[in-house]
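Structure first, then comments.
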Amino acid sequence: MAVWLMKTEPDVFSIDDLVKAAKKTAPWEGVRNYQARNFMKTMEVGDLVYIYHSSCETPGIFGKAIVAKLAYPDPTAFDAKSDYYDAKSDPKNPRWFMVDVAFQEKLAKPLLLSDLKNYPELKDFTLLKRGNRLSVFPVQAPYFKVLEALSAH
DNA sequence: GCCAACGTTGGC
DNA sequence: GCCAACGTTGGC
């Protein structure tokens, strides 16, 4: 089982929105970055996903989800009315993909970015690396262990 | 293929 | 709102 982190702006889609979604499952639409897309294409059903809230008052990891469906074409790329529309994505050769994620849990104690920065063992964690803007990336085992330990407190 | 200009991300 | 960092675009 692989572990991932996916960012979302809670004003747009939050962990609470995932709780409220039908079957507590939602398509992770709107990713328009090739590296993030490529990571989603390698996800497997059952993989763990940390849900991170960005561009908000208190950025941090607020919950966990599970990959519920393998990557498939993101239909919003073909919808001219969507914010995520991409005229250059050909339906016959889709450019953008997404997975479905199913809610697993909200963290009793969120892992706030401001707190995570205090742990030297997370210094090289992708999330905390200078200039990191990637919205989907793998969480390596050592960092997974630290995050699990911290969220268990 | 280079690289300047531009757009986006995201913390603060 | 600011701005650093990064990705993408497009002229050459």
Side-chain angles (χ1 to χ4, degrees), chain A residues 2-21 26-43 47-67 70-101 103-140 142-151 153:
Chain A
V3 183
W4 308 89
L5 184 144
M6 299 211 287
K7 297 179 185 173
T8 180
E9 297 184 22
D11 293 345
V12 179
F13 189 85
S14 71
I15 186 80
D16 290 315
D17 292 321
L18 185 57
V19 172
K20 285 181 264 176
W28 204 260
E29 62 189 28
V31 171
R32 296 293 178 268
N33 170 283
Y34 290 103
Q35 209 180 340
R37 178 204 66 182
N38 292 343
F39 279 135
M40 283 199 293
K41 281 187 170 184
T42 69
M43 289 181 181
D47 281 359
L48 178 65
V49 179
Y50 283 116
I51 305 295
Y52 178 88
H53 287 177
S54 66
S55 293
C56 58
E57 214 166 299
T58 53
I61 297 169
F62 282 78
K64 293 185 201 171
I66 297 292
V67 174
L70 288 178
Y72 59 104
D74 180 344
T76 64
F78 312 126
D79 177 1
K81 284 172 286 186
S82 168
D83 287 343
Y84 305 126
Y85 178 60
D86 180 358
K88 291 180 207 157
S89 182
D90 177 0
K92 295 194 194 77
N93 183 22
R95 176 180 296 197
W96 303 115
F97 286 71
M98 61 185 186
V99 295
D100 285 355
V101 299
F103 174 80
Q104 186 185 48
E105 66 176 87
K106 278 176 79 169
L107 300 187
K109 193 188 78 167
L111 300 170
L112 301 185
L113 179 63
S114 56
D115 292 333
L116 295 179
K117 284 179 174 174
N118 295 326
Y119 295 92
E121 57 268 47
L122 293 177
K123 180 171 63 75
D124 293 322
F125 179 39
T126 310
L127 182 69
L128 302 180
K129 283 227 177 150
R130 174 185 171 82
N132 162 57
R133 299 190 338 183
L134 198 54
S135 65
V136 177
F137 56 84
V139 176
Q140 309 301 338
Y143 304 122
F144 172 58
K145 277 189 187 174
V146 174
L147 295 175
E148 284 301 289
L150 290 176
S151 61
H153 287 174

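Numbered from 1 within each chain, the chains take letters A, B, ... in sequence-line order. Heavy-atom basis, side chains included; hydrogens, waters and symmetry copies ignored.
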task = For this output row, return yes or no: ring centroids of Trp96(A) and Tyr34(A) closer than 6.0 angstrom.
result = yes
ask   = Near DNA chain B, under 4.0 Å by heavy atom, which residues of residues 53-61 of chain A?
value = Ser54(A), Ser55(A), Pro59(A)
task = Would you name the heavy atoms of Val101(A) and Met6(A) that are closest together and state the gap between them?
result = CG1-CE, 3.5 Å
message = Would you call the rings of Phe144(A) and Tyr50(A) parallel, tilted or perpendicular, taking 30° and 60° as the class edges?
response = tilted
query = Which is true for Lys129(A) with a 4.0 Å heavy-atom rule: it touches a base, it touches only sugar-phosphate, or it touches nothing?
reply = nothing
Within 6.0 Å of NZ in Lys41(A), more than 12 heavy atoms from elsewhere = yes
ask   = Are side-chain N/O atoms of Trp4(A) and Asp47(A) paired as donor and acceptor at under 3.5 Å?
value = yes
query = Nearest heavy-atom pair of Pro138(A) and Thr126(A): which atoms, and what distance?
reply = O-OG1, 4.2 Å
message = Using a 4.0 Å cut-off to any heavy atom of chain A, which nucleotides of DNA chain B are the first and last in contact, reading 5' to 3'?
response = dG7(B) to dC12(B)
message = If you apply the rule salt bridge (charged side-chain N to carboxylate O under 4.0 Å, His left out), what do you find for Asp74(A) with Arg32(A), and how did you get there?
response = CA-CA 10 Å; Asp74(A) 180 344; Arg32(A) 296 293 178 268; 3.1 Å; yes
ask   = Do the non-hydrogen side-chain atoms of Val139(A) and Leu127(A) ever get within less than 4.5 Å of each other?
value = no
message = Five pairs per end, C1' atoms only: what is the angle between the end axes of the helix from dG1(B)-dC12(C) to dC12(B)-dG1(C), to 10 degrees?
response = 10°
inquiry  = For Lys145(A), is there an ion pair with Glu121(A) - N to carboxylate O distance below 4.0 angstrom?
reply    = no
remark   = Asp124(A) and Tyr143(A) have their tightest heavy-atom pair at CB-OH, 3.4 Å
